[in-house]
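Reading through the structure tokens given below for one structure.
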Amino acid sequence: MIAVMNEHFEVVATCGSARAGILRTAHGVVETPIFMPVGTQATVKSLSSGDLEALGAPIILGNTYHLAMRPGHELIGRMGGLHKFMAWPRAILTDSGGFQVFSQSGRRTIDEDGVTFQSHVDGSAQRLTPESAMAIQAALGSDVAMAFDECPPSDADSAVVRKAMERTTRWARRCLAAEPLPGQLRFGIVQGGTDVDLRLGHLSEIAGLAFDGVALGGLSVGEPPEVMHAVVGQVAPKMPADRPRYLMGVGRPQDLLAGIAAGIDMFDCVMPTRNARNGHLFVPAGHLNIANTGYRDDLRPIDESCLCEACRRYSLGYISHLFRAKEILYYRLATLHNLQYYLNLIRGARQAILDGRLAAFAAERLAGIKL
């Protein structure tokens, strides 16, 4: 029998290590596993909040770094918070900005207190600390705020990874000590590169803190997919069972299915939206490249089994024309389709967990996929 885990998160079914759960937030219930569309700058590129509601997305992701740089978290706070600012009534998770800051190699300086870096908008000197990252997320009013962590490079040696882990733990404690926004959940982040022993050691530290959820960061940043799957497969089942488990920035369909099988509950990635803009549309057999000339006079929809607006109303030939002409409508239709694919994949996986047939579902979906 599956028991209620805590006031915010409940596991309602399992299938092997996979879990179907319910995450309760200040802006609604999120059924897990879930894929969160990425709305970095208070928008999922090319889509309105109404489009996302129509897709049935219960939660999206925003980014502390980008929103602090432009238009500024103070402005968003004055306008009633991120939900009102972007007219989005459902849940929002905000990344702390750590990954964006630490990816600016050569343009940032790390010390024990925080990070000094250059704004990508105007080059001005900026500063993020664990306290300011949490304060920014409080001003944004997100439902889930991520702790500020140090994300080491994918090719860093073990000494650098250990140092980043130790600092991340110290910063995690400071994040939790910061003044909380009532109703805002806080998730800690586990680092450790691709070393399973380091990951498990850091997991024990972060899981021992009073976070509402635990995330795996610093994966899918250059390591081979099979290595990432192996790490997740060994670490995810040992993450706290009573809290949601989040795999950050990982998003090929194969990766989602592998993560779900290992016990991950939450995912985000720019892949479906970025690929859409670049002409790659997800279909049951993998993806198609709309730039191929063979689609110019194709009367079929992108995917006959898909119920998104692009597939219900338009032909591949028309969408091919929009792409070649660089019409704005292309970006909206392609993004709608790819996100519908991802949300359908996740919903199917959740139902398969409830039905006790996740392995069969994953095998069916993976058959023939070549990405």
Side-chain angles (χ1 to χ4, degrees), residues 22-64 66-67 70-71 76 79-95 137 140-146 184-185 244 246-251 253 256 265-278 280-282 301-303 305-314 319 322 327-350:
I22 295 174
L23 173 64
R24 296 178 176 87
T25 77
H27 286 84
V29 168
V30 177
E31 293 186 341
T32 63
I34 190 63
F35 178 83
M36 298 178 285
V38 176
T40 300
Q41 301 188 91
T43 174
V44 174
K45 294 187 187 302
S46 80
L47 300 187
S48 70
S49 294
D51 287 331
L52 292 165
E53 287 184 82
L55 287 172
I59 182 171
I60 61 174
L61 181 145
N63 184 264
T64 295
H66 285 281
L67 293 172
R70 182 174 53 197
I76 293 174
M79 297 190 71
L82 191 53
H83 292 87
K84 289 186 177 180
F85 186 59
M86 63 182 296
W88 173 247
R90 300 175 182 173
I92 299 174
L93 179 148
T94 44
D95 188 355
Q137 293 180 86
L140 295 176
S142 57
D143 298 271
V144 179
M146 301 302 300
Q184 187 180 61
L185 306 179
Y246 172 24
L247 180 56
M248 304 180 73
V250 173
L256 267 61
D265 305 301
M266 302 172 69
F267 304 84
D268 81 279
C269 190
V270 298
M271 178 170 279
T273 48
R274 179 179 291 169
N275 279 25
R277 298 192 299 275
N278 292 328
H280 289 219
L281 305 177
F282 287 92
I302 299 169
D303 177 3
S305 66
C306 180
L307 297 178
C308 78
E309 182 179 349
C311 292
R312 290 197 320 269
R313 299 194 63 162
Y314 302 106
I319 293 171
L322 295 177
E327 282 290 338
I328 292 172
L329 179 58
Y330 166 77
Y331 302 100
R332 175 176 176 271
L333 293 178
T335 303
L336 280 173
H337 171 76
N338 277 0
L339 285 179
Q340 184 77 77
Y341 174 95
Y342 268 64
L343 291 169
N344 285 351
L345 178 68
I346 288 286
R347 290 168 188 147
R350 187 176 196 276

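These numbers come from the heavy atoms of this one structure, side chains and all, not from hydrogens, waters or symmetry mates.
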Heavy atoms only: give me the nearest [X]-[Y] pair and the separation to one decimal.
X: A91; Y: W88; value: O-NE1, 2.9 Å
X: A276; Y: Y330; value: O-OH, 2.6 Å
X: Q340; Y: C306; value: CG-SG, 3.8 Å
X: E53; Y: P89; value: OE1-CG, 3.6 Å
X: N338; Y: L281; value: OD1-CA, 3.4 Å
X: R90; Y: L52; value: NH1-O, 4.3 Å

Results of side chain to side chain contact (heavy atoms under 4.5 Å, CB included) for [X] - residues two or more places apart only:
X: F85; value: A42, P71, L75, I76, M79, L82
X: R70; value: Q41, H120, V121
X: L343; value: L55, A57, R347

Inset, instruction - Applying side chain to side chain contact (heavy atoms under 4.5 Å, CB included) between N63 and each of D95, T94, V38, report the one that passes. - result: D95
Legend entry - Identified side chain to side chain contact (heavy atoms under 4.5 Å, CB included) counterpart of L47 within the set T335, I60, T273: T335
Legend entry - Donor-acceptor under 3.5 Å (D265 side chain, P244 main chain): no
Does a side-chain heavy-atom distance below 4.5 Å link [X] with [Y]?
X: L185; Y: L23; value: yes
X: I319; Y: H337; value: no
X: L93; Y: Y246; value: yes

Legend entry - Atom CZ of R312: over 12 foreign heavy atoms under 6.0 Å: yes
